[in-house]
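All remarks here apply to the structure that follows.
We use all heavy atoms of the structure for the numbers below, so side chains are in, but hydrogens, waters and symmetry mates are not. Sequence lines set the chain letters: A, B, ... in the order given, protein chains first and strands last, and positions in each chain run from 1. Note that the coordinates shown come from a computational prediction; the quantities given were computed from them, not determined experimentally.
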There are 2 protein chains.
Amino acid sequence: MSDRGLLIVISGPSGAGKGTICSNIRKEMPNLVYSVSMTTRKPRVGEEEGVNYFFRSKDEFESLLAEDAFLEYAKVYDNYYGTPKQHVMDLLDEGKSVLLEIDIQGAMQVKERFSDAVFIYIVPPSLTELSERLHNRGTDAKEVIDKRLSLACSELALAHRYDYIVVNDDLADASEKVASILRAESCKISRNKEQIQFIYKQYQESKEK
Amino acid sequence: MSDRGLLIVISGPSGAGKGTICSNIRKEMPNLVYSVSMTTRKPRVGEEEGVNYFFRSKDEFESLLAEDAFLEYAKVYDNYYGTPKQHVMDLLDEGKSVLLEIDIQGAMQVKERFSDAVFIYIVPPSLTELSERLHNRGTDAKEVIDKRLSLACSELALAHRYDYIVVNDDLADASEKVASILRAESCKISRNKEQIQFIYKQYQESKEK
């Protein structure tokens, strides 16, 4: 009776608050599965296979690439990062919803392969606010922050390729909006064909009694 | 900066719980405006002009009809009922969201004139449940109930023309789903073009500083 799970793609500039929003959503919706990426970089202390990443060799990754086995991938410096397609498809077929927190380039790759996914773009209310957040975070050098801000500007021009935009000026409010989007998408007619069919059959059967 | 309000159309068979869900939503979202219908029937005791209905003569209604002044209308026995178009458009232009609780025939008329509206179909979980609710309500004769049940069956076949389906097996849960749909629709990219433009301009300006 249940229809397929939702594939949810969340993007936004570094400092928009994606990570916190995603972890709020996962607390509220424990059935949501966080997609585990595959990477060729070495595991850091404390990182676990299949939890933080699927760790693979460069050869293995490239042979999977040749088989078109990724929903999206990127090469950052010398390492590959990607979302294994089959893993996500299996979860969706089981009726589970899958959350991908990826950058805009990755999101656009997913859009080409899986137009039925839900694309959510998280933005900070202003560039000034974003700049403050990145400085307060204290993890990036000034040049890195400038690069991130400039990237945020050019990426906003691609926002129209997403389905939803959530302005994060208040974390609780933004998290509630994202949760609402997921609940709403689950009510879409196009995602409930099996359930409608089920109710319709029931209606017909009790009419015949 | 703000974009246009949402036009929300809620339908569903008699006994689905539309009325209760709508009043729950209005409590939670006080900015939502309930559209007042126009009718040619006489006011009942306690009914107020502009609150329950706009009361008009048959002549007046028919001349408005000739001017295409309704988003939807119906003639029930000898009386007309309709949703005045200009009234709704003015509210939407002011950025207010407007809720229409109308039957499926009315909803299909609105869809032809205003495809940008949000169409939500509320269904009871089963015909047995619907039948019980209508009997328990005690307001309709058995023949009327049978007619309503038969109508519910044929109308369900039109559910695919709506955007969302909400199965009302629990009132609080169904109300929350409808509220989520409204919040989600407000985050749609297509409904936030002005806001995106506003943020984009801000970004560009602070970049130039």
**Report entry** Heavy-atom closest pair, residues B:Ile196 and A:Leu156
**Finding:**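 Shortest heavy-atom separation between B:Ile196 and A:Leu156 comes out as O-CD2, 4.3 Å.
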Using a cut-off of under 4.5 Å on heavy-atom pairs, state which of [options] scores highest against chain B.
options                      : result
A:Ile181, A:Asp146, A:Leu130 : A:Ile181
A:Ala179, A:Ser180, A:Pro124 : A:Ser180
A:Tyr121, A:Tyr200, A:Phe119 : A:Tyr200
A:Ala152, A:Ser126, A:Ala159 : A:Ser126

Should we say atom [atom1] of [X] is surrounded by more than 12 heavy atoms from elsewhere, each under 6.0 Å from it?
X       : atom1 : value
A:Lys75 : NZ    : yes
A:Tyr73 : OH    : no
B:Lys96 : NZ    : no

Query - For chain A, the option from B:Lys177, B:Glu176, B:Arg161 that forms the most heavy-atom pairs under 4.5 Å - result: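 That would be B:Glu176.
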Query raised in the report: A:Asn192 versus chain B, heavy atoms under 4.5 Å apart: side chain, backbone, both or neither?
Result: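 A:Asn192 touches chain B through side-chain heavy atoms alone.
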Report task. Measure B:Val178 against the heavy atoms of chain A and call it side chain, backbone, both or neither at under 4.5 Å. Result ->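 Nothing of B:Val178, per the 4.5 Å heavy-atom cut-off to chain A.
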Query - Inter-residue atom distance A:Ser190.OG - B:Ile165.CD1, 0.5 Å rounding - result: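 Result: 11.5 Å between the selected atoms.
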Report task. Drop me the distance from B:Ile120's CD1 to A:Ile189's CD1, to the nearest 0.5 angstrom. Result ->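 Result: 10.0 Å between the selected atoms.
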